[in-house]
Amino acid sequence: MKSICLKAVFLTLVFVTIVSCSAQTETASPSRKLKLRILATYPHDPHSFTQGLVYESGELLESAGRYGQSSLRRVEIQTGKVTQIVPQDAKFFSEGITLVGGKIYQLTWQEQICFVYDKKTFQLTKTFRYKGEGWGITWDGTRLIVSDGSSQLKFYNPETFQLQGTVVVRDGERTVGRLNELEYVNGEVWANVYETDYIVRINPKNGRVTGWIDGRGFVPKQFREIENREQVLNGIAFDPEKQRVYITGKNWPVMYELQLSQE
Ligand SMILES: [Ca+2]
């Protein structure tokens with residue numbers, strides 16, 4: 001069964017390349033054709049309603065959501081074991097996380113507060129207030145990039161959390177909404193699109209979609225037939241050094257490690 005399952009996923013990944021290729025033609029964007037190959041599957045805590053995922057020195061940092069169940073976690077990749085955790089107060093619904101230097105920024109859904117933690121000790125060092133909802137967050141080396149469930153990406157100064165600009169994400173003429181968990185990958189922003197198992201690839205300079213990744217093949221079998229399920233693909237972490245992508249979903253029992261390469 002395992003080999004059949006992996007084969008199905010492999011076929012999906014081949015489709016990724018084709019879709020990216022086609023999107024390149026349609027949008028005339030400088031999209032690069034990508035190849036994703038599954039290197040490994042690991043356990044993932046099925047109690048984590050994954051809202052954010054970041055790679056850091058051989059480990060993953062994860063943000064789990066829901067009121068009363070939110071937390072910031074450090075996760076051992078190969079075992080899925082949570083080795084460090086800060087539970088969030090029940091009045092906050094944790095959302096995306098990103099790393100800026102030695103600090104972890106963690107958004108909240110509707111509470112309009114970003115918590116900043118020391119990445120080693122998980123000590124809270126600062127909070128910022130912002131307007132609107134917080135969904136996903138990533139870091140391009142200069143600016144924070146934030147999604148709020150709309151088709152807009154917002155850019156913030158990480159020192160002040162001042163809004164510096166926005167772009168609207170468009171695939172051709174069509175706007176792409178419900179942008180959720182984010183990851184900065186080789187100059188692109190990758191975003192989970194909420195309530196789907198697709199990842200959209202975005203040029204952050206102009207908001208243009210450069211490709212789509214069809215993640216339906218990754219969805220655990222027990223969730224596939226559920227209509228309007230909450231257990232969607234959500235959580236992307238990137239290791240730029242090894243060009244590896246880690247993906248999981250909300251309450252998924254599994255995490256995938258993928259090798260990214262240009263065709
Ligand atoms: Ca991420």
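Since this is a predicted model, take the numbers as computed values, not measurements. First listed ligand is number 1; within each ligand, the first listed atom is number 1.
Within a 6.0 Å radius of CD in Glu241, other residues, nucleotides and ligands contribute 12 heavy atoms or fewer.
The ring of Tyr194 has its center closer than 6.0 angstrom to the ring center of Trp135. Taking the six-membered ring for Trp and the full ring otherwise, the centers of Phe128 and Tyr156 sit at least 6.0 Å from each other.
With sequence neighbours excluded, the residues that form a side chain to side chain donor-acceptor pair (under 3.5 Å) with Glu111 are Tyr67.
Geometric assessment of Arg229 against the ring of Phe223 yields a negative cation-pi assignment under the 6.0 Å and 45° thresholds.
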- request: Check the pair Glu257, Arg244 against salt bridge (Lys or Arg N to Asp or Glu O under 4.0 Å), reporting the backbone distance first and the verdict last.
  value: CA-CA 7 Å; Glu257 181 179 8; Arg244 289 186 184 169; 3.2 Å; yes
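For the Ca ion (ligand 1), the tally of protein N/O/S atoms lying closer than 3.0 Å stands at 5.
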